[in-house]
Amino acid sequence: MRIIDADVHESFASVKDLVGYLEEPWKDIVARGAWRGFTQPFAYTTPGAGNRADVKTADGTASVADYGQMRRQLLDLYPITHAVLTGYFYPAMMKMQFEFASALAAAYNDWMIDHWLVKDERFLGSVHVAPQNPAAAAREIDRIGPHPRMVQVLLPIATLAYGEPFYHPIFEAAERHGLVIALHHTTMAEGALGMGRYYIERHMLLPQAMMAEVISLMCNGVFDRYPSLRFVLLEGGWTWLPHLMWRMDREYKALRQEVPWLKQLPSRHVVERIRVSTQPTEDIDARQWEKIADLIGTDDLFVFSTDYPHFDFDSPEAALPVGLSETAKRKILWENAARLYGLS
Amino acid sequence: MAGFVVGTIPVVIVRTVSGAFRAVVGRCPHQGGPLHLGLLTGTTLPSAPGEYVYGRESEIIRCPWHGFEYDSVTGRCLGDPERMRVRTLEVVARDGDVLVDL
């Protein structure tokens, strides 16, 4: 059964790989090592320090920047027809120097096209932007969005609430180019009470950040204002959808007067416009999976993803529960994502 | 820690710091991760909040993918011992050879 992998993380070996794609004054800053790139504000507690511990070359060095390794461990190992590259270098995490952030996003896009996208026909790309400067982000979408293999704009989740009108130029540009909006957490994502004290705690909190983004987009009218935009929520879970849909609808019926730009039941926007990636699959069996899909009202929302090369990788051979119908599996593994990205 | 494939069965043989050999079937029952590419390690023992007591050095096999921990003595998964385990195999060290009973 063929597969579209909706969340594959390509990487560079070092931020200095971007030097040739930057202009001054940024080029010199990165070349001199005056900025060392992002580091996570915690220690990974997994065997491979955030990645699968078996993503290594023969000499034992970690190789998340190695296309050949990705081919061996993912693209050629499973029947993957398309892999959507989602990066892991997110200038959206910068808390200052937003012109630099915009320059880094643009440099990353050019580097990614040269070093990943053109190497394999199965790759589809994400446009990276620095949303801290929405006008520059929109210009970057206009510049790179028309690339035939770019399918979405990636909005990394740190602490920005993307529904705010400030960010609307980004959605306008994405809609202009027929690009999907993908949401994916960063290492700076927080839950309602902050990051927590432990890595495990933070990892448990990630769905909260995703839910908060959906609520922000919903209440600020993004779904209504940009009616042809589609959204994919990556790696934020999905079994919470029934609750969120019911909760949003309940509040909408009582309180919608405050947000008259939200013009229909939120659950309808969810079903019509949002897709969710399956990884990390939770420990539910096929019957429970079908039950939750039934509560959502459709199984058109699920798109399969591995999250390769990260430690919480979902194996295409083992992640979906045994006993799902062939129809459901086909939809999850290929058809839903094909429809989202217009693939045939 | 070393991995071998016998027929279709992946086998992981480990040698603990005390010199004991142990062997388990090397496929993680969660999603099939290759255990021989994981870590042979110790673990944090049950303790009070905020207190770390490290122990069982070199007795725990950790999956390279999701980090599930398996006790090399019992084969049980430390995070879900009642429902998840890898099969343990008899090991005998004799005349410089390590023999595993499949």
Side-chain angles (χ1 to χ4, degrees), chain A residues 3 5 9 42-64 69 72-74 77-78 196-204 206 235 278-285 304-322, chain B residues 1-5 8 10-12 14 24-72 76-86:
Chain A
I3 295 168
D5 187 343
H9 295 283
F42 47 78
Y44 285 110
T45 57
T46 49
N51 295 306
R52 269 174 43 170
D54 60 342
V55 182
K56 283 180 183 167
T57 49
D59 68 0
T61 54
S63 59
V64 292
Q69 183 74 351
R72 284 189 292 279
Q73 291 191 316
L74 181 75
L77 187 59
Y78 308 107
R197 277 167 56 94
Y198 302 100
Y199 179 70
I200 182 175
E201 190 177 355
R202 177 193 160 275
H203 224 252
M204 290 172 177
L206 291 174
E235 210 178 337
T278 51
Q279 179 275 341
T281 47
E282 290 158 17
D283 289 337
I284 56 175
D285 63 27
F304 184 79
S305 59
T306 63
D307 195 33
Y308 181 89
H310 294 161
F311 87 92
D312 42 353
F313 167 83
D314 258 354
S315 164
E317 292 171 347
L320 297 182
V322 176
Chain B
M1 184 157 72
F4 304 90
V5 179
T8 58
V11 175
V12 174
V14 303
V24 301
V25 171
R27 186 184 293 117
C28 183
H30 172 224
Q31 290 206 17
L35 293 182
H36 70 286
L37 298 177
L39 287 181
L40 183 63
T41 177
T43 193
T44 49
L45 304 177
S47 63
E51 179 185 63
Y52 287 104
V53 183
Y54 199 77
R56 305 212 57 198
E57 185 62 68
S58 74
E59 296 198 318
I60 305 299
I61 299 166
R62 249 191 120 179
C63 180
W65 290 3
H66 304 90
F68 284 29
E69 300 162 282
Y70 295 95
D71 184 328
S72 63
R76 293 195 184 273
C77 176
L78 300 193
D80 192 357
E82 282 164 28
R83 293 194 310 169
M84 299 190 78
R85 63 185 299 184
V86 289

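The structure presented is a predicted model; accordingly, all values stated were derived computationally and were not measured. Order of the sequence lines fixes the chain letters, A, B, ..., with proteins taken first and strands second; residue numbering starts at 1 for each chain.
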Q.
Are more than 12 heavy atoms, taken from residues, nucleotides or ligands other than A/R202, located less than 6.0 Å from that residue's CZ atom?
A. yes
(Q) Can you confirm whether more than 12 heavy atoms, excluding those of B/E82, are under 6.0 Å from its CD atom? (A) no
[X] [atom1] to [Y] [atom2] distance, which is reported to the nearest 0.5 Å:
{"X": "A/D54", "Y": "B/H36", "atom1": "CG", "atom2": "NE2", "value": "8.5 Å"}
{"X": "B/H30", "Y": "A/D283", "atom1": "NE2", "atom2": "CG", "value": "5.5 Å"}
{"X": "A/T46", "Y": "B/F68", "atom1": "OG1", "atom2": "CZ", "value": "13.0 Å"}

Q.
Side chains of B/P64 and A/F311, heavy atoms from C-beta outward: is any pair under 4.5 Å?
A. no
Q | Min side-chain heavy-atom separation A/T281-B/Q31 under 4.5 Å | A | yes
Q: Indicate the atoms forming the closest heavy-atom contact of B/C63 with A/P47, along with that distance.
A: O-CG, 3.4 Å
